Amino acid sequence: MWLYDSYQEFSREAAGVPRTVWKEIVPDCRTRLFPTDGKGPPVIVAECGELPEQYPKLEGRHRQSLPLIPGRIPGRLLAGNTGSAQFSGEKLKAWLVPWRVGSDRTMVITVKPGTVLVLDVTAWQGPQDDHRRDGQGRRPRVILLRRAGRVLSAAPTVFATEPSIGAAYDRLERIWNDERLEEGDPQGELLARQARQLRDVLEDLATRPRAVLRTEHRMLKLQTVRRTDAKTLRWLSAQPGRNTAERAGARQRVKAPKRYETIATLENRVLRAFAALTVLETKGWLANRASVPGMDGARKAIIEAHQLRNRRIESILREHMVPEARPPVQPNFPLRFDPRYREIWRAWLELRARSVAAELEWMWQHRTFMELLGLRAAMKLHQAIHDRSGNGILAHGPVIRTQGAPNQGCYLHDAGIRSTLGIVSNSPLEFIEYRTNDDGGLLGAIATAGPSSQIWWDAQDLHNDNDGSVGELPWTLAHAWDARLEKWAAKVIS
């Protein structure tokens with residue numbers, strides 16, 4: 001088992017560029033590493049059959065199995081090869097490690113039972129750092145991820161509704177170039193809507209949160225006892241003495257019920273959890289948009305006021321020793337039927353769902369851009385076939401949407417597009433398949449049409465001199481997706 005510092009190092013070596021930037025994962029122990037190269041999360045590589053099913057597994061609040069990098073061939077990686085510069089002949093598998101989310105400082109991965117990998121992720125870029133721009137056309141990744149997700153989500157519908165494959169690709173080209181897909185701000189819209197809807201509710205709860213009377217048995221002075229119960233009588237009967245005064249002892253105290261008022265209830269724990277999450281989300285939203293020109297000042301003011309109200313509630317509940325609710329939570333009567341707390345309960349669930357979705361999109365952005373590159377490769381190859389006289393498409397595989405919400409950056413069926421194109425020309429028939437599954441395609445290759453025509457996703461902001469690799473960020477001034485893919489498509493059909 002080995003760990004490559006980044007997907008860039010892994011993909012280049014797998015494509016045939018010798019590199020040795022990898023570390024061995026020691027089995028049956030706890031290994032702590034500090035990958036800080038800044039080029040993205042590392043990649044775990046192991047021989048086929050070495051790890052059990054459902055492993056490696058990410059631990060923590062996003063506990064899940066790590067996704068496989070698509071493809072499976074005799075390994076071409078130098079990891080584990082102690083001989084000469086020959087490539088290893090073992091069958092290998094590789095797994096993606098997610099990006100850092102939130103303020104996490106460490107990432108714990110159980111590679112297999114007994115073997116634990118602890119990564120220090122303090123220096124990794126997180127969503128809260130994703131607001132920098134520069135003059136080279138780089139934009140926040142969250143905007144590019146939003147646009148990529150909308151393009152991938154539209155692809156199955158386009159192929160299902162257009163009358164021909166050619167019309168479908170023409171429509172996809174228009175969707176690809178539609179800059180309006182970057183518009184909108186789901187998180188900001190949700191925060192602003194909740195700020196408007198919950199303003200009166202939050203102000204009311206800050207002044208008079210729901211309190212209940214509870215009974216607690218305490219050692220009380222005998223003259224202050226107002227009522228007794230069975231527990232008090234059992235305690236008295238166990239004390240030495242002939243009467244109540246003697247059994248109360250020298251301090252004249254007995255264990256008796258005492259009623260007191262408290263706000264440490266489930267509904268107030270949910271209220272504090274909602275307030276804390278709202279403060280965190282609004283803080284991140286305001287920080288990410290502090291340098292964005294032309295931001296809506298009215299929305300910013302609404303969200304800032306919303307943050308202050310929630311800070312006040314969180315401070316009040318902290319002073320009264322009310323802890324935060326931890327999921328899963330079974331709603332009680334006030335959360336279901338009290339008008340104030342019912343709104344808080346619904347808003348908390350909605351905000352948590354949006355927060356988790358945003359974190360998952362950020363964690364598995366590698367797979368989203370891989371899938372997007374596969375779709376763009378199909379579009380460019382179709383364009384090259386259409387522009388060349390005497391060529392045509394004989395067959396095209398379906399593009400199917402995954403069931404339910406995208407999981408681990410996957411929007412299309414089988415973790416990617418799998419299109420079979422038959423090129424009809426004067427030359428013999430040739431089939432090109434975009435392999436993102438496990439049927440013998442090159443390890444991690446996005447598109448392949450033989451050993452000399454491959455496209456690799458390079459996972460870096462700036463492209464390199466290798467025509468077979470494409471940088472990860474599209475729709476920027478410096479990206480080379482279209483130029484590299486057009487050269488690749490021309491090579492395929494030549």
Side-chain angles (χ1 to χ4, degrees), residues 4 6-15 39-45 64-73 92-99 141-142 144-156 172 176 360-381 397 399-402 406-419 432-449 453-461 463-464 466 468-476 479-482 484-485 488:
Y4 280 78
S6 67
Y7 182 86
Q8 177 184 344
E9 303 292 341
F10 162 80
S11 63
R12 290 188 180 184
E13 186 175 301
K39 299 176 183 177
V43 172
I44 297 175
V45 178
Q64 57 190 290
S65 299
L66 300 185
L68 268 170
I69 294 178
R72 178 179 173 185
I73 61 168
L92 299 176
K93 283 186 176 182
W95 293 265
L96 285 172
V97 173
W99 285 66
R141 289 173 182 261
V142 291
L144 301 181
L145 280 170
R146 185 188 310 146
R147 184 171 177 177
R150 290 174 176 176
V151 171
L152 291 171
S153 298
L172 271 181
W176 180 274
L360 289 177
E361 290 172 0
W362 179 265
M363 287 170 61
W364 304 114
Q365 56 183 284
H366 276 33
R367 297 188 77 191
T368 299
F369 287 124
M370 280 184 185
E371 202 168 71
L372 186 71
L373 181 56
L375 178 64
R376 190 59 174 168
M379 295 167 62
K380 284 299 179 182
L381 182 59
V399 179
I400 304 173
R401 191 188 315 275
T402 54
N407 181 29
Q408 296 183 326
C410 176
Y411 289 80
L412 304 180
H413 186 60
D414 285 340
I417 181 172
R418 184 170 181 243
S419 304
I432 293 96
E433 186 173 11
Y434 298 85
R435 300 182 179 181
T436 59
N437 54 4
D438 199 21
D439 62 352
L442 287 172
L443 184 65
I446 303 304
T448 177
S453 301
Q454 305 163 11
I455 283 294
W456 289 80
W457 180 68
D458 200 33
Q460 61 173 355
D461 290 335
H463 61 269
N464 54 66
N466 182 10
S469 63
V470 178
E472 65 167 320
L473 298 180
W475 302 304
T476 59
H479 86 95
W481 278 42
D482 290 349
R484 299 289 176 92
L485 289 174
W488 169 79

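Predicted model only: the values in this text are computed from it and were never measured.
- Remark: side-chain polar atoms of Glu371 are paired, donor with acceptor, to backbone N or O of Tyr411 under 3.5 angstrom.
- One finds the CH2 atom of Trp481 at 4.5 Å from the CG atom of Leu372 (value rounded to the nearest 0.5 Å).
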Please report the C-alpha distance between Leu360 and Gln64 in whole Å, then the side-chain angles of each, then the deciding distance to 0.1 Å, and finally whether the side-chain contact (heavy atoms from CB on, under 4.5 Å) criterion is met. CA-CA 11 Å; Leu360 289 177; Gln64 57 190 290; 3.9 Å; yes

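- In this structure, Arg150 CZ and Leu152 CG are separated by 12.5 Å, a value rounded to the nearest 0.5 Å.
- Side chain of Arg147 to main chain of Trp176: a donor-acceptor pair is present (N/O by atom type, distance under 3.5 Å, no hydrogens or angles).
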Before giving the answer on side-chain contact (heavy atoms from CB on, under 4.5 Å), spell out for Asp482 and Arg376 the whole-Å C-alpha distance, their side-chain angles and the decisive distance to 0.1 Å. CA-CA 8 Å; Asp482 290 349; Arg376 190 59 174 168; 3.0 Å; yes

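- Of all non-hydrogen atoms in Ala155 and Leu172, the two that sit nearest each other are CA-CD2, 4.0 Å.
- A distance-only check finds a donor-acceptor pair linking the side chain of Gln408 to the backbone of Ser65 [under 3.5 Å].
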Using side-chain contact (heavy atoms from CB on, under 4.5 Å), reason through Leu68 and Lys93 one step at a time and then give a plain yes or no. CA-CA 7 Å; Leu68 268 170; Lys93 283 186 176 182; 3.9 Å; yes

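- Across all their heavy atoms, Ser153 and Gly149 have their closest contact at OG-O, 2.7 Å.
- Nearest approach of Gly409 to Trp364, heavy atoms of both residues: N-CB, 3.6 Å.
- Heavy atoms only, all atoms of each residue included: Thr368 and Ala148 are closest at CG2-CB, 4.0 Å.
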Dump the intermediate steps for side-chain contact (heavy atoms from CB on, under 4.5 Å) on Leu96 and Leu66, then the final yes or no. CA-CA 6 Å; Leu96 285 172; Leu66 300 185; over 6 Å; no

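- Here the CD1-CZ distance, from Ile69 to Phe10, works out to 4.0 Å after rounding to the nearest 0.5 Å.
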